[in-house]
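So you know, we letter chains A, B, ... as the sequences are listed, proteins then strands, and number each from 1.
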Protein chains: 2
Amino acid sequence: MNADYYLENPTFLVAVDCIIFGFKDKELHILLTRRPMEPLKGEWSLMGGFVEDNESLNEAAEKVLFRYTQQKGVYMEQVKAYGEINRDIGGRVISVAFYALVRLEEFDTSLAAKYDARWVNIRELPPLVFDHNQMVNDALTLLRYKVSMQPIIFHFFDKKFTLPALQDLYEAIYQMPIDKRNFRKKIVSMNILDKQEEKDKSSSKRGAYYYVFNKKKYEAFLREGKRFSL
Amino acid sequence: MNADYYLENPTFLVAVDCIIFGFKDKELHILLTRRPMEPLKGEWSLMGGFVEDNESLNEAAEKVLFRYTQQKGVYMEQVKAYGEINRDIGGRVISVAFYALVRLEEFDTSLAAKYDARWVNIRELPPLVFDHNQMVNDALTLLRYKVSMQPIIFHFFDKKFTLPALQDLYEAIYQMPIDKRNFRKKIVSMNILDKQEEKDKSSSKRGAYYYVFNKKKYEAFLREGKRFSL
DNA sequence: TCAAAAGTGTTTCCATTACACCCATGG
DNA sequence: CCATGGGTGTAATGGAAACACTTTTGA
């Protein structure tokens, strides 16, 4: 299939590694596993897999994400490619990292057992194999940038969420406290959320109203020349 | 060399493609070439090359940059990896794009003939092979972001530059006019430039003072907790 | 009734923007 | 002497940050 000229060149194993972010207990977590094969079998690792001939990089990442989360349509974005010669001590492998935002409410805990997976608080990350810690750092940097510029933070929730929870998540992503009134003012004043009648009473007696991201309102917001900013 | 498990997986040709930016005639340009081999021989293309066994991705990009610019230590940054199955019609190739900022004052024009290369104004880009136009768009987006956040704009110059030239470059990158006084105020007030005694008289009778980026001052600037911003 | 979390406005401050005139010099 | 580009300061605006009290309700 390759043109003649191309055949003179070397080929490489190509992997994808996924930094899967989830929100739990007011903290940002990532899904890690014990590496199932040699070398470094049993060490902490990101979720990954090799790219197949019939897949694009995105498709390979989607495959990995589905395998470990059973969620479809997960929000996902490429971080970058990692290609140091000895980054993988088992051989020459070029890896492309992706980060993903998953809804932890719907996470199937039986998967955790099957794949020896665990949600780990990003503030308590263990050493990971190869350059995976670097990948996590790069993913976090990119996540923070994107969250501030685009309405992707809502992908952490299954549609509805309360403003206190949204703020907890925001604080977990940026690892800094933020003023409640300023936060609410900013997000509400964009007029891209719908307040629900229903309340979440799970974390207070009074209960907090649920909100829902309204895509139509967001598109109108953009049409007015406004820019999302958190 | 690869561990047993790895051998079961397919391998891929991996290329690097470089979006080489230069500043000329008050406009941002990129270095393009006529593709030297089939398929699509003769079509406009980015500067690229295949990754070799003994190179990292960065090293492969540096090799390509040196080949076409003869400059060492060029500022360079990865954009992202492109892995659609049919992105290259000659075969399955995964490509990693890099952008680079080169000093056009020192560009060796004999190279242009040798490689059929040409500096093309970014506002007049022709259709490029494969997904190269997409790569350029992504590189430009990233360049704009980085220029606004980090003092990389100075890499377009060979050390010294005038403020009018710097502003012209800034306007070329963002494709928008900007107020002269505000621009100068912002850049000068950071106190990271050294004004020279010498003037550039090439574009006016009065002449414009040269300035030089002062790395020590910039580091002090950072130590004070300040952040570069243009 | 009280503890615990939800909800609500105003003022201060700083960074960005808008804006117009004088200066220096070679031809 | 004048045309051309280089250089300079101040006022207005708008977004970000600081800040404290009232409300609700289950236990």
- Message: Without decimals, in angstroms, what is the distance between B/R184 CZ and D/dT10 C1'?
- Response: 17 Å

- Message: In the structure I gave you, are the side-chain heavy atoms of A/L104 and A/F156 within less than 4.5 Å of one another anywhere?
- Response: no

- Establish, yes or no, whether the cationic atom of A/K80 lies under 6.0 Å from the six-membered ring centre of A/Y82 and within 45° of the ring axis. yes

- Task: Would you mind reporting whether A/F130 and A/D17 have side-chain heavy atoms less than 4.5 Å apart?
- Result: no

- Message: In this structure, how many angstroms lie between the P atom of D/dG15 and the CZ atom of A/R227, rounded?
- Response: 15 Å

- Query: For the pair made of CG in B/L166 and P in D/dG5, what is the distance, rounded to whole Å?
  - Reply: 19 Å

- Item | A/R34 charged N/C atom sitting above A/W44 aromatic ring, 6.0 Å / 45° | yes

- Query: Just wondering, do A/L101 and A/F154 contact through their side chains at under 4.5 Å, heavy atoms?
  - Reply: no

- Item | Residues that A/A60 engages under side-chain contact (heavy atoms from CB on, under 4.5 Å), provided they are two or more places apart | A/V16, A/V51, A/E55

- Hey, does A/S203 reach any base, or is it just sugar-phosphate, or nothing, if we go heavy atoms under 4.0 Å? sugar-phosphate

- Query: With a 3.5 Å cut-off and no angle check, do the side chains of A/D138 and A/Q134 form a donor-acceptor pair?
  - Reply: yes

- Can you tell if the side chain of A/F23 reaches within under 4.5 Å of the side chain of A/W119, non-hydrogen atoms only? no

- Start and end of chain B contact along DNA chain C [non-hydrogen atoms, under 4.0 Å]: C/dT16 to C/dG26

- Item | B/Y210 OH to D/dG6 P, straight-line distance once rounded to whole Å | 12 Å

- Task: Let me have a per-nucleotide readout for nucleotides 19-27 of chain D, 5' to 3', with B, S or -, counting only protein heavy atoms under 4.0 Å.
- Result: BB--BBBB-

- Query: Honestly, is A/K195 close enough over A/Y211, meaning NZ or CZ under 6.0 Å from the six-membered ring centre and within 45° of the axis?
  - Reply: no

- Query: Roughly how many Å is it from CZ in A/F228 to C1' in D/dG15, rounded to a whole number?
  - Reply: 16 Å

- Nearest whole angstrom, please: distance from the C1' of D/dA18 to the NZ of A/K186. 14 Å

- Calculate the interatomic distance between B/Q167 atom CD and D/dT8 atom C1'; express it in whole Å. 14 Å

- Message: Without decimals, in angstroms, what is the distance between B/D168 CG and D/dG7 P?
- Response: 12 Å

